[in-house]
Amino acid sequence: MAVNRADEDCCKISFIGDIMCEKPLLKASRSSTGYQFGNVFKGTKRLFSASDYVVGNLETVFAGAEAGYTKELYSFNTPDEFLDALKMSGIDLCVTANNHCLDRGIEGLTRTLDALDHRGISHIGTYRSQEDRDEIYIAKIGGVRIAFLAYTYGTGIKDNHFVLPEDKQYCVNLLMPQKIGSPIQYRSCDSISLKGKVVRHIPEEWRLKLKKKLNRPVGSPRVDELWDELLDETLIERLINDIKMAKTQADIVVLNIHNGGQFNKSPGKYSEYIMELCAKEGADIIVGHHPHVVQRFERIHGVPCAYSLGNYSISPSTPYMLFENLPEFSVAFHIYLQNKKIKKLTFSILKIVEDKHGKMRVYDTAELYAKESWRTESIYKDIKTIYLRFTNYQKIDNFRVQTEYEL
């Protein structure tokens with residue numbers, strides 16, 4: 001929630017993780033008058049009221065009802081009411097460059113930008129025109145000019161099958177050629193064995209649900225690798241040039257990178273490569289998304305780098321969820337700026353709570369843990385695990401649950 005403090009020399013920017021609206025939440029939020037998402041983000045509204053600017057990774061499109069709301073497991077389209085709830089919670093800027101930005105084609109991408117504009121939510125990473133793409137997005141916050149850039153490894157071509165025409169390449173900031181699809185090593189889920197028989201050619205969602213009923217694993221964490229064919233010289237050069245251009249126009253350059261494995265608690269080789277490259281080329285802050293679990297924070301060449309903030313909004317009952325690395329937890333990463341420099345880095349730990357009907361709410365874990373019914377050894381252990389993973393510490397003595405932790 002932006003606070004008008006343009007005449008002051010100190011500001012706080014908060015970054016949150018992946019924002020998704022999957023089938024369980026969509027179904028649970030439907031009412032006789034439309035869709036009601038107002039309660040989903042109430043648990044973090046107070047936390048973000050202390051921030052001057054809040055940035056999140058929006059992993060769905062808003063293509064309108066006529067394009068069909070989400071029915072598939074990996075292809076999304078969400079009612080506009082979800083954006084209203086995000087706006088009320090304090091979101092100022094959405095990263096739209098990710099593997100779901102073309103789930104309803106260019107028309108869905110464009111309407112998403114229109115819906116964000118209508119609500120006064122800014123956006124980066126996808127564009128209507130080459131002119132829009134070439135203009136660096138800069139926000140003046142607390143007297144500081146901050147450039148925000150966003151790029152994605154791909155557009156989910158494996159699931160939505162949409163290939164950008166040559167004359168529409170400006171629509172998405174890509175890190176690698178679109179047709180490569182993904183830097184992730186996928187494991188096949190094409191068949192399962194049931195009482196000695198092999199069941200093939202049934203929808204993946206059904207297969208995953210069946211595996212869960214049989215107490216079978218639905219998958220395993222996927223780690224991104226570094227392959228030569230992923231390194232497209234033209235796209236990498238464009239990324240570097242964008243950073244350099246942003247440096248000439250702003251005091252601080254923030255880079256949002258959508259890349260990595262899936263449910264893997266440690267980043268892979270490509271993630272490490274792209275973080276190193278962008279830090280070396282002049283980005284001042286780098287924030288990663290996509291793995292769906294929290295990964296470590298570190299400083300590379302002195303640059304604060306968060307590989308993955310986890311899920312700000314995702315339905316835990318979604319069939320493909322892997323729980324071993326705590327995907328229901330995420331980090332809100334806070335940057336304090338003063339005199340146009342980074343003064344302090346902190347973070348908060350958030351948790352998604354879903355009921356048996358699919359209704360969901362995101363909480364600041366400090367507020368959640370303060371409730372007697374939630375003050376258990378189990379949640380304490382989970383919060384501590386996320387703390388240790390994000391800070392990359394091996395252990396901590398006398399850990400105390402709180403709203404913000406310093407880095």
Side-chain angles (χ1 to χ4, degrees), residues 17-30 40 57 59-61 68-78 82 98-100 102-104 153-162 181-224 258 260-265 268 289-295 308 310-330 351-360 362 382:
D18 301 334
I19 303 169
M20 306 180 73
C21 178
E22 296 181 293
K23 291 172 64 176
L25 178 59
L26 186 64
K27 181 180 179 181
S29 301
R30 186 167 186 174
V40 177
N57 174 49
E59 291 212 53
T60 182
V61 297
Y69 292 138
T70 301
K71 289 184 179 179
E72 299 85 4
L73 191 60
Y74 302 120
S75 182
F76 304 137
N77 180 31
T78 300
F82 190 79
N98 53 59
N99 59 307
H100 294 289
L102 288 173
D103 279 359
R104 295 297 184 274
Y153 74 87
T155 60
I157 193 172
K158 173 177 173 286
D159 298 302
N160 58 42
H161 311 296
F162 188 89
S182 175
I184 297 166
Q185 286 188 317
Y186 285 101
R187 291 173 175 82
S188 175
C189 286
D190 286 341
S191 65
I192 61 173
S193 177
L194 180 61
K195 292 186 177 179
K197 298 181 179 180
V198 175
V199 181
R200 300 179 187 273
H201 309 303
I202 60 176
E204 184 172 1
E205 183 173 3
W206 294 6
R207 292 197 297 268
L208 295 176
K209 287 181 177 179
L210 183 56
K211 283 185 173 184
K212 284 193 171 184
K213 285 184 179 294
L214 296 172
N215 293 317
R216 296 271 302 278
V218 297
S220 58
R222 305 163 179 171
V223 180
D224 53 309
H258 194 82
Q262 294 274 268
F263 302 105
N264 52 314
K265 66 180 181 180
H289 303 285
H290 182 62
H292 293 309
V293 293
V294 173
Q295 293 179 349
S308 174
N311 300 304
Y312 179 65
S313 168
I314 195 171
S315 294
S317 60
T318 298
Y320 63 76
M321 291 285 283
L322 306 178
F323 290 97
E324 61 195 90
N325 292 324
L326 303 176
E328 68 272 32
F329 286 86
S330 71
K351 178 178 169 60
I352 299 165
V353 177
E354 182 187 46
D355 69 17
K356 63 181 180 181
H357 304 293
K359 291 183 178 180
M360 198 179 81
V362 188
D382 289 343

_Assess the residue pair Tyr153 and Asp224 against the criterion (side chain to side chain contact (heavy atoms under 4.5 Å, CB included)); give the C-alpha distance rounded to whole Å, side-chain angles, the decisive distance to 0.1 Å, and a yes or no._
CA-CA 11 Å; Tyr153 74 87; Asp224 53 309; over 6 Å; no
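- Every residue was checked against the side-chain contact (heavy atoms from CB on, under 4.5 Å) condition with Lys27, not counting sequence neighbours, and none meets it.
- For Tyr312, the ring pair (Phe, Tyr, Trp, His ring centres under 6.0 Å) test picks out Phe41, with sequence neighbours left out.
- With sequence neighbours left out, the side-chain hydrogen bond (donor to acceptor under 3.5 Å, both in side chains) criterion links Ser308 to no other residue.
- The shortest non-hydrogen separation linking Gly68 to Arg104 is O-NH2, 3.0 Å.
- Rounding to the nearest 0.5 Å gives a distance of 5.5 Å between CG of Leu326 and CD of Glu328.
- In this structure, CG in Asn98 is found 5.0 Å from CG in Asn57, a value given to the nearest 0.5 Å.
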*Start with the C-alpha distance between Phe263 and Arg222, add both sets of side-chain angles, then the distance that settles side chain to side chain contact (heavy atoms under 4.5 Å, CB included), and finish with yes or no.*
CA-CA 7 Å; Phe263 302 105; Arg222 305 163 179 171; over 6 Å; no
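- When all heavy atoms of Glu59 and Phe76 are compared, the pair lying nearest together is O-CD1, 3.4 Å.
- Scored by the salt bridge (charged side-chain N to carboxylate O under 4.0 Å, His left out) test, Lys359 finds no partners at all (sequence neighbours excluded).
- Here the CD1-CG distance, from Ile157 to Asn99, works out to 12.0 Å after rounding to the nearest 0.5 Å.
- Taking both residues in full, the closest heavy atoms of Gly358 and Ala28 are given as C-CB, 3.5 Å, listed atom of the first, atom of the second, then distance.
- Shown here are the side-chain contact (heavy atoms from CB on, under 4.5 Å) partners of Leu26, two or more places apart in sequence or in another chain: Cys21, Tyr35, Phe37, Tyr69, Thr70, Pro79.
- A distance of 5.0 Å separates NE2 of His292 from CD1 of Ile314, quoted to the nearest 0.5 Å.
- Checked against side-chain hydrogen bond (donor to acceptor under 3.5 Å, both in side chains), Asn160 has the following partners two or more places apart in sequence or in another chain: Asp103.
- Residue Leu208 comes nearest to Leu73 through the heavy atom pair CD1-CD2, 3.7 Å, listed as atom of the first residue, atom of the second, then distance.
- Aromatic ring pairs are classed by plane angle as parallel below 30°, tilted from 30° to 60° and perpendicular above 60°; the pair Tyr320 and Tyr74 is tilted.
- Looking at residues two or more places apart in sequence or on another chain, you find a side-chain contact (heavy atoms from CB on, under 4.5 Å) between Asn325 and Pro221, Lys265, Val293, Arg389.
- Partners of Lys23 according to the side-chain hydrogen bond (donor to acceptor under 3.5 Å, both in side chains) rule, which considers only residues two or more places apart in sequence or in another chain, are Glu205.
- To the nearest 0.5 Å, the span separating CG on Asn311 from CD1 on Ile19 amounts to 10.5 Å.
- Looking at every heavy atom in both residues, Lys212 comes nearest to Met321 through NZ-O, 4.1 Å.
- Atom-to-atom distance recorded for Thr318:OG1 and Glu354:CD is 7.0 Å, nearest 0.5 angstrom.
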*Could you walk me through whether Asn264 and Gln295 pass the side chain to side chain contact (heavy atoms under 4.5 Å, CB included) test, one step at a time?*
CA-CA 8 Å; Asn264 52 314; Gln295 293 179 349; 3.4 Å; yes
*Phe82 vs Ser313, side chain to side chain contact (heavy atoms under 4.5 Å, CB included): CA-CA, chis, key distance, verdict*: CA-CA 11 Å; Phe82 190 79; Ser313 168; 4.0 Å; yes
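- When side chains are defined from C-beta on, Pro316 counts as touching Met360, because their heavy atoms get closer than 4.5 Å.
- With sequence neighbours excluded, the residues forming a side-chain hydrogen bond (donor to acceptor under 3.5 Å, both in side chains) with Thr78 are Thr60, listed by chain and number.
- The shortest non-hydrogen separation linking Leu25 to Ser29 is O-OG, 2.8 Å.
- With sequence neighbours excluded, no residue forms a ring pair (Phe, Tyr, Trp, His ring centres under 6.0 Å) with Phe162.
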